[in-house]
Colleague: 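Please read through the structure below; I'll follow up with questions.
Note: hydrogens, waters and symmetry copies are ignored here, and every other heavy atom, side chains too, is used. So that the names make sense, note that chain A is the first sequence line, chain B the second, and so on, each numbered from 1.
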Number of protein chains: 2
Amino acid sequence: MSRPRDNLSIGALAETAAVNIETIRFYQRKGLMAEPARPPGGIRRYGHAELARVRFIKSAQRLGFSLNEIAELLSLDDGTHCRDARRIAAHKLDDMRGKLADLRRMEAALKRLVARCDATHGTITCPLIASFK
Amino acid sequence: MSRPRDNLSIGALAETAAVNIETIRFYQRKGLMAEPARPPGGIRRYGHAELARVRFIKSAQRLGFSLNEIAELLSLDDGTHCRDARRIAAHKLDDMRGKLADLRRMEAALKRLVARCDATHGTITCPLIASFK
DNA sequence: TTTACGGCCGTACCAAAGTACGGAGTCAAG
DNA sequence: CTTGACTCCGTACTTTGGTACGGCCGTAAA
């Protein structure tokens with residue numbers, strides 16, 4: 001069942017995932033993704049597992065997780081430490097709810113600011129800046 | 001109208017604003033806040049303008065602005081660039097909405113994971129990770 | 001007045017997350 | 001069978017947002 005794009009070089013993988021080649025290597029060095037075995041003296045090939053992994057890392061990063069946290073998140077995926085995984089996941093969930101709350105506040109604040117900027121159009125003090133004072 | 005806390009040393013300012021002294025100096029070096037003139041050979045004093053400025057920077061950081069973006073926002077505070085400030089804020093708002101959506105998906109996934117860990121006590125594949133594949 | 005606490009200043013260092021580079025080796029097309 | 005594009009690997013450099021350090025000096029309390 002391997003799809004057409006399942007025999008990628010590192011360059012092709014990087015391009016498909018829209019990251020720099022060096023970023024892939026960096027993630028490998030960091031242990032965030034495995035390096036596929038290389039046929040002796042040959043070139044490594046990457047498939048959609050690796051592509052998914054890179055995309056996962058990038059998604060999680062956008063959500064404000066550090067690479068270390070992402071490593072922890074990935075460690076939940078082994079299926080053999082469900083209790084530990086639950087604990088870590090619950091902790092992350094708390095985290096995430098905090099971040100959600102922050103983001104919602106940020107969104108509301110920004111929305112108000114943008115609206116006020118639209119409304120006041122040419123006053124002396126920008127409400128965006130005044131609002132922090 | 002100057003309040004009691006209007007004659008702060010840098011240390012007191014830092015403490016009041018709950019940041020490191022070095023952080024204040026760093027912001028000064030970066031041009032994010034002015035250094036009050038020092039009475040020749042003397043010690044600088046800070047008032048609530050400076051306190052407000054530090055708090056502004058910290059607030060804006062929590063809203064996801066980088067120090068460079070904050071500098072840009074501050075440079076627009078002359079009353080004539082409200083439209084530019086609006087543009088920057090609107091852009092951030094977009095950012096933030098994307099993040100909110102992602103985070104909500106992730107929260108849902110984690111909640112399911114925790115529930116399933118509670119329920120199955122066995123080996124499953126992390127739905128959080130699966131959700132990105 | 002002495003002494004200690006803190007401010008001033010410059011420089012150096014830190015962690016995170018890459019990015020760049022150079023000298024190999026490999027592989028496919030012409 | 002050579003050339004050019006790409007991989008591999010190690011090392012070094014970069015940016016962001018700070019922190020730490022050390023020598024000098026001012027100010028305030030004992």
Side-chain angles (χ1 to χ4, degrees), chain A residues 5-47 50-51 53-74 95 99, chain B residues 5-47 50-51 53-74 88 92 95 99:
Chain A
R5 305 294 261 148
D6 206 11
N7 198 26
L8 305 167
S9 68
I10 193 171
L13 172 65
E15 187 167 15
T16 309
V19 301
N20 193 304
I21 288 184
E22 303 301 331
T23 301
I24 308 273
R25 292 196 200 295
F26 175 69
Y27 290 166
Q28 292 173 335
R29 264 178 265 145
K30 265 234 137 187
L32 287 167
M33 45 187 298
E35 305 183 40
R38 61 187 280 210
I43 277 177
R44 279 181 254 274
R45 292 291 157 180
Y46 298 83
E50 284 79 18
L51 180 54
R53 176 59 61 101
V54 178
R55 301 226 240 237
F56 171 77
I57 295 168
K58 282 296 166 192
S59 304
Q61 265 188 321
R62 285 193 62 232
L63 300 185
F65 291 93
S66 70
L67 292 184
N68 286 341
E69 289 172 321
I70 292 166
E72 198 184 355
L73 229 32
L74 288 166
D95 254 38
K99 285 181 183 169
Chain B
R5 306 295 259 148
D6 205 11
N7 199 24
L8 305 167
S9 68
I10 192 171
L13 172 64
E15 187 167 14
T16 308
V19 301
N20 194 301
I21 288 183
E22 304 301 332
T23 302
I24 307 274
R25 292 196 199 296
F26 175 69
Y27 290 166
Q28 292 174 336
R29 263 178 268 144
K30 265 233 137 188
L32 286 167
M33 44 188 297
E35 306 183 40
R38 61 187 279 210
I43 278 178
R44 278 182 254 273
R45 292 292 157 179
Y46 299 82
E50 285 78 20
L51 181 55
R53 176 58 63 99
V54 178
R55 301 226 240 240
F56 170 76
I57 295 168
K58 283 296 166 190
S59 305
Q61 268 187 319
R62 277 191 296 275
L63 296 186
F65 292 93
S66 72
L67 293 185
N68 286 339
E69 289 171 321
I70 292 166
E72 198 182 355
L73 279 179
L74 288 166
I88 297 170
K92 270 295 155 201
D95 260 31
K99 285 185 184 174

Colleague: Hey, which sits more toward the 5' end of DNA chain D by its nearest nucleotide, B:Q61 or B:G42?
Modeller: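 Nearest-nucleotide comparison on DNA chain D picks B:Q61.
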Colleague: Check the phosphate of C:dA20 against A:N20, side-chain N and O only, distance under 4.0 Å to OP1 or OP2. Yes or no?
Modeller: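 For C:dA20, OP1 or OP2 has a side-chain N or O of A:N20 closer than 4.0 Å.
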Colleague: Go through D:dT19, D:dT7, D:dT11 for me and flag the one nearest to the B:E22 side chain.
Modeller: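 Out of D:dT19, D:dT7, D:dT11, the nucleotide with an atom closest to B:E22's side chain is D:dT19.
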Colleague: Name the closest nucleotide to the B:L67 side chain, picking from C:dA17, D:dG17, D:dT7.
Modeller: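 Of the options given, the side chain of B:L67 lies nearest D:dG17.
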Colleague: To the nearest angstrom, how far is B:I10 atom CD1 from D:dC25 atom P?
Modeller: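 Atom-to-atom, B:I10 to D:dC25, this comes out as 19 Å.
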Colleague: With a cut-off of less than 4.0 Å, is there a side-chain N or O of A:N68 near OP1 or OP2 of C:dA16?
Modeller: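 It does, given that an N or O in the side chain of A:N68 lies less than 4.0 Å from OP1 or OP2 of C:dA16.
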Colleague: Nearest whole Å is fine: how far is C:dG7 C1' from B:E35 CD?
Modeller: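 Answer to the nearest Å: 12 Å.
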Colleague: Could you state the CD-P distance from B:Q28 to C:dC8, rounded to the nearest angstrom?
Modeller: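 After rounding, the gap between these two atoms is 8 Å.
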Colleague: Could you state the CZ-C1' distance from A:R29 to D:dG10, rounded to the nearest angstrom?
Modeller: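 Atom CZ in A:R29 sits about 8 Å away from atom C1' in D:dG10.
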Colleague: Between B:L32 (CG) and D:dG17 (C1'), how many Å, whole number?
Modeller: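 Between C1' of D:dG17 and CG of B:L32: 11 Å.
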Colleague: State, to 0.1 Å, how close B:R45 and B:P36 come at their nearest heavy-atom pair, and which atoms those are.
Modeller: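 Heavy-atom minimum between the residues: O-CG, 3.4 Å.
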Colleague: Between B:R25 and C:dC9, does any side-chain N or O lie under 4.0 Å from OP1 or OP2?
Modeller: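 Negative; the distance criterion is not met.
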Colleague: Is any side-chain heavy atom of A:Q61 less than 4.5 Å from a side-chain heavy atom of A:I70?
Modeller: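 Yes, their side chains come closer than 4.5 Å.
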Colleague: Could you pick out which residue, B:K58 or B:I43, lies toward the 5' side of DNA chain D when each is mapped onto its nearest nucleotide?
Modeller: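 Whichever sits nearer the 5' end wins; that is B:K58.
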Colleague: Does any part of the side chain of A:E15, heavy atoms only, come nearer than 4.5 Å to the side chain of A:S9, both counted from C-beta?
Modeller: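 Counting from C-beta outward, A:S9 and A:E15 never come under 4.5 Å.
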Colleague: If only side-chain N and O atoms of A:S9 are considered, is one of them under 4.0 Å from the OP1 or OP2 phosphate oxygen of D:dT7?
Modeller: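 Yes, such a contact exists.
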Colleague: With a 4.0 Å cutoff (strictly under), does any side-chain N or O of A:Y27 reach OP1 or OP2 of C:dG18?
Modeller: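 Checking C:dG18 against A:Y27, a side-chain N or O does come within under 4.0 Å of OP1 or OP2.
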Colleague: Given that A:T23 and A:R45 both sit by DNA chain C, which one's nearest nucleotide is further toward the 5' end?
Modeller: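 Checking each residue's closest nucleotide, the 5'-ward one belongs to A:T23.
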Colleague: Given atom CD1 of A:I24 and atom C1' of C:dA17, what is their separation to the nearest angstrom?
Modeller: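 Whole-Å distance recorded here is 14 Å.
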Colleague: Is the distance from OP1 or OP2 of C:dG25 to the nearest side-chain N or O of A:R38 less than 4.0 Å?
Modeller: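 No, outside the criterion.
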Colleague: A:N7 CG to C:dC27 C1': how many Å, rounded?
Modeller: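 It is 14 Å, rounded to the nearest whole Å.
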Colleague: Could you state the CD-P distance from B:E15 to C:dG6, rounded to the nearest angstrom?
Modeller: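 In whole Å, C:dG6 P lies 10 Å from B:E15 CD.
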Colleague: C:dG7, C:dG18, D:dG17: which one has an atom nearest the side-chain heavy atoms of A:F26?
Modeller: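 Minimum distance to the A:F26 side chain belongs to C:dG18.
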Colleague: I'd like to check A:F26 versus A:L67 (side-chain heavy atoms, cut-off strictly below 4.5 Å). Are they in contact?
Modeller: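 Touching, per the 4.5 Å side-chain cut-off.
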Colleague: Checking side chain to side chain contact (heavy atoms under 4.5 Å, CB included) for the pair B:R25/B:I10: CA distance, chi angles, key distance, verdict?
Modeller: CA-CA 9 Å; B:R25 292 196 199 296; B:I10 192 171; 3.6 Å; yes
